[in-house]
Structures are given as structure tokens and as C-alpha cells.
Asker: 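One structure coming up, written as C-alpha cells, with questions to follow.
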Amino acid sequence: RKAADRYLKREVLGEGTYGVVYKAIDTKSGQVVAIKKIRLGKQKEGVNFTALREIKLLKELKDPSVIELIECFPHKGNLHLVFEFMETDLEAVIRDRNIFLSPADIKSYIQMTLKGLAFCHKKWVLHRDMKPNNLLIGPDGQLKLADFGLARIFGSPDRRFTHQVFARWYRAPELLFGAKQYGPGVDVWAAACIFAELLLRRPFLQGNSDIDQLGKIFAAFGTPKPSQWHDMVYLPDYVEYQYVPGQSFKTLFPTATDDCLDLLSKMFTYDPKARISAQQALEHRYFSSGPPPTEPALLPRPP
Ligand code: ADP
């Protein structure tokens, strides 16, 4: 029997980076799932083979803070990825003007985000496309990272689909300078942007091109000096920017506590080698000092 026959397709949930996402029912278990249909590009055969093998590895990534990939199967020239169904996402929470986020709520959301990152980074898997609508929220309030590892398997989304502009706002400076070799630090930078967005309730650095994005980053934190980030000048797309001094973290995030600002500054470190890791961030005193993070089930969510 074909795997595709097992799922009863319901409505379209949305159009994502790689293709359409459907709500569906697993007729075998009764479970509600989300099926991501991935259009396979020109080199169908090659992608199909490599993608399937790599996706097998993603199925092993099981953690409460990562969306479970239940299964994957090819069907009519598309690859279908079956995920657990999630009610809403962090973008909807941030955008909802009726939702008040307390410091404890913000701590809880960012802690769950970092837990997901730390888990995947420990397994040498990078996300590369972190943004608030990739942080899905389940019925129990648990936040889970979606699309882990897909960027590496299917190629950088922004290069394939131009409508993907939002991811730029979460892109680390080494990626904007064209780094080909990069590490888990790119996800930590994105998590810092999401952290900032939870505090400000708007996307923090909204560049309208890659150059403008770097300009926005430098205007906030100051142009990096080579003494601060030694490898910067060797990056493929490095260009010298006019020096700007940047602002203090206290000015950028007036409502944040000192512990919060200290962690933010360590996540927003220019040199990826000096940037705090997700695991180290979880061990930062911001999480052990008061107030304790809100229980997931008690977090505010859109209706
Ligand atoms: P993008 O590539 O832009 O991040 P996705 O492909 O992840 O978008 O998702 C497209 C749409 O499908 C979004 O509206 C998202 O909310 C929804 N979606 C994705 N995964 C799930 C899921 N596991 N449960 C419920 N909805 C989902």
C-alpha cells in the first residue's frame, strides 16, 4: 500500500518556502498532521535520493522542543513530509496586540527556543532559517522548532524564492558577508533577533536588502572593528562600511533587566567564534534569576 493513501487531505494551511502545506488526518491513528509537499527541482533524481537519505536522519531528531517529522514519502514527483500538527506560531503571538507578554512569558518562549537549538546543535544539525513563524506552538503551549535541517537539504530558500524576505531580518552578519563555512552561531544570532522581537513587539532589524540589513545591524551595535572580529575581512562579500558607533543595549531595549541585556549582548556578538552557544545561553543567569519562566500551559496565546 502506498503511504499517500494513509492520509486524508484537508484544507491548505499555507504556502511555505518549499511548497504547499496541508492539514491532514492520519486514517490509521486518527492523528491530525501537517503535510508539507516539497516541489523537487530540476535535478529530481539526485535531490530525491540525497534528500530522502538526509531526511531519514531528521526523523531521528526527537525532542519536546523540536517538531516531530513523522514520516516522508515521494508521491507524484513531490516529496511529502508529515509533521505533527501545531495550533499556532510565535509570530501570531508577537503580532497579537491583545496579548501582553510579561518578562516571565518572554523568558519561557526564548528558553524553549534555545532548548530546541541546543538539542539540534548537539547533533550537528543547523536550522539556518530561524524566524518567529518557524517556532510553532502546540495545544499544551509547548514551543517547537519547525523546518530543522531543511535549508541544508533543499538549498537556501532565499536564493530559490524571492518572496522570502523576512528571513533576512534574522540573518547573522557572517552570512550577510557571504560566509560559506558557518556554524551553529547563525541560529543563535537569529534567536537573539527573535528575543529582541519579543521585547520590542516588532521585528528588530528590518533591512530591505542584504546591504541594508548589515547597515541596520551596524547602526544598532556599531560597525565591527577587525580587532573585535578578526576573520571578518576575509569573508567573500566583505566591504568596508563607514564607521558608526552604535547604541548601548540599555537604549535599544529599555524594558529589559540587566541579566536579560547581558545575555542579549552575548548572543548578538559579531565574531561567531566568540558568540555564546545555545547551551551556554541556557546556563546564563538570566534563566536562574527571577522571575522563573512561565509554565508553557499558562502562556498567553491567540484565540
Ligand atoms: P515557511 O517556509 O514560510 O516557514 P512553512 O512551509 O513552514 O512556511 O509553512 C507554511 C504554512 O503552513 C504556515 O502558515 C504554517 O503556519 C503552516 N504550518 C507549517 N507547519 C505546520 C504544522 N506542523 N502544523 C500546523 N501548521 C503548520
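Quick note: numbers below take in every heavy atom, side chains included, and nothing from hydrogens, waters or symmetry partners. Counting starts at 1 for both ligands and their atoms, following the listed order.
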Asker: Of the backbone atoms (N, CA, C, O) and the side-chain heavy atoms from C-beta on, which set of D129 has a member under 4.0 Å from an atom of ligand 1: side chain, backbone, both, or neither?
Answerer: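 Answer for D129: neither.
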Asker: May I ask you to check whether M86 has an N/O atom sitting below 3.5 Å from an N/O atom of ligand 1?
Answerer: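 Yes.
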Asker: Pick whichever of D89, I70, L13, V20 has a heavy atom sitting closest to atom 16 (O) of ligand 1.
Answerer: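 Answer by nearest heavy atom: D89.
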Asker: So, does E87 sit close enough to ligand 1 that a heavy atom of it is under 4.0 Å from the ligand?
Answerer: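 Contact absent.
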Asker: Applying side-chain hydrogen bond (donor to acceptor under 3.5 Å, both in side chains), run through S108 and D105 and close with a yes or a no.
Answerer: CA-CA 5 Å; S108 180; D105 297 339; over 6 Å; no
Asker: Under 3.5 Å, is there a donor-acceptor pair linking the side chains of D147 and H127?
Answerer: no
Asker: Run the numbers for me: atoms of ligand 1, each under 4.0 Å from some heavy atom of A34, listed by number.
Answerer: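 Every atom of ligand 1 under 4.0 Å from some heavy atom of A34: 21 (C), 22 (C), 23 (N), 24 (N).
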Asker: Which ligand 1 atoms, with their elements, are less than 4.0 angstrom from a heavy-atom of K131?
Answerer: 3 (O), 4 (O)
Asker: Using the rule side chain to side chain donor-acceptor pair (under 3.5 Å), only one of Q213, K131, E197 pairs with Y170; which is it?
Answerer: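 Considering Q213, K131, E197, a side chain to side chain donor-acceptor pair (under 3.5 Å) with Y170 is found only for E197.
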Asker: Drop me the distance from L282's CG to M112's CE, to the nearest 0.5 angstrom.
Answerer: 12.0 Å
Asker: Purely on distance, is any nitrogen or oxygen of E15 under 3.5 Å from one on ligand 1?
Answerer: no
Asker: If the cut-off is 4.0 Å to any non-hydrogen atom of L136, which atoms of ligand 1 fall inside it?
Answerer: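 Those of ligand 1 that fall under 4.0 Å from L136 are 20 (N), 21 (C), 22 (C), 23 (N).
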Asker: Distance only, no hydrogens: is a donor on one side chain within 3.5 Å (strictly under) of an acceptor on the other, for D259 and T257?
Answerer: no
Asker: Under 4.0 Å from a heavy atom of F85: which atoms of ligand 1 are those, numbered in the order shown and with their elements?
Answerer: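 Contacts of ligand 1 toward F85, numbered from 1: 24 (N), 25 (C).
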Asker: Any salt bridge between D96 and R301, counting N to O under 4.0 Å?
Answerer: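 Looking at R301 together with D96, the answer is no, because their closest N to O distance does not fall below 4.0 Å.
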Asker: Run the salt-bridge test on D187 and R128 with the 4.0 Å N-O cut-off and return the result as yes or no.
Answerer: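 No, D187 and R128 are not salt-bridged.
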Asker: Yes or no: does K23 have any heavy atom under 4.0 Å from an atom of ligand 1?
Answerer: no
